[in-house]
Amino acid sequence: MKTKFNIDAKAHNPKLGFKIHFLVFLLATPIIFLIWYLTDTTYPWPLWSTSAWAIGVLFHYLGVFVFRKNKI
């Protein structure tokens with residue numbers, strides 16, 4: 001049975017991989033802050049995970065759009 005979903009789509013299309021990464025970041029960040037708000041707001045622990053993930057998204061962007069390798 002053939003499927004239309006290509007598991008190696010990120011390897012062939014880095015822009016799509018970045019868009020998926022950025023979308024997951026945008027959708028997960030409010031959920032993380034909501035969990036923090038509903039549980040214990042004494043220490044802002046989501047700032048650590050969100051800032052680290054944002055740095056990862058930034059480097060992903062730089063790797064895809066700024067420092068991309070030209071294919072022959």
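In what follows, residues are counted from 1 in the order of the sequence shown. Computed from a prediction, not measured in an experiment: that's the story for all the values here.
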Closest approach of Thr50 and Phe25, non-hydrogen atoms and distance? O-CE1, 3.8 Å
With Thr42, which residues qualify under side chain to side chain donor-acceptor pair (under 3.5 Å), at least two apart? Asp40
At their closest point, which heavy atom of Val57 faces which heavy atom of Phe18, and how far apart are they? O-CE1, 3.6 Å
Could you work out, with side chain to side chain contact (heavy atoms under 4.5 Å, CB included) as the rule, every residue matching Ser49, not counting sequence neighbours? Ile32
Here the gap from Thr29 atom OG1 to Leu34 atom CG, rounded to the nearest 0.5 Å, amounts to 12.5 Å
Side chain to side chain contact (heavy atoms under 4.5 Å, CB included) between Ile31 and Leu27, worked out: CA-CA 7 Å; Ile31 294 170; Leu27 294 175; 5.6 Å; no
Partners meeting side chain to side chain contact (heavy atoms under 4.5 Å, CB included) with Leu62 (sequence neighbours left out): Leu58, Phe59, Val66, Phe67
Is there a path of hydrophobic side-chain contacts, each under 4.5 Å between heavy atoms of I, L, V, M, F, W or Y residues, that connects Phe33 with Leu26? yes
Who are the side chain to side chain contact (heavy atoms under 4.5 Å, CB included) partners of Thr41, not counting sequence neighbours? Trp36, Tyr37
Could you tell me whether Phe65 atom CZ has more than 12 heavy atoms of other residues or ligands within 6.0 Å of it? yes
side-chain hydrogen bond (donor to acceptor under 3.5 Å, both in side chains) contacts in which one or both residues fall within residues 19-28, not counting sequence neighbours: His21-Trp53, His21-His60
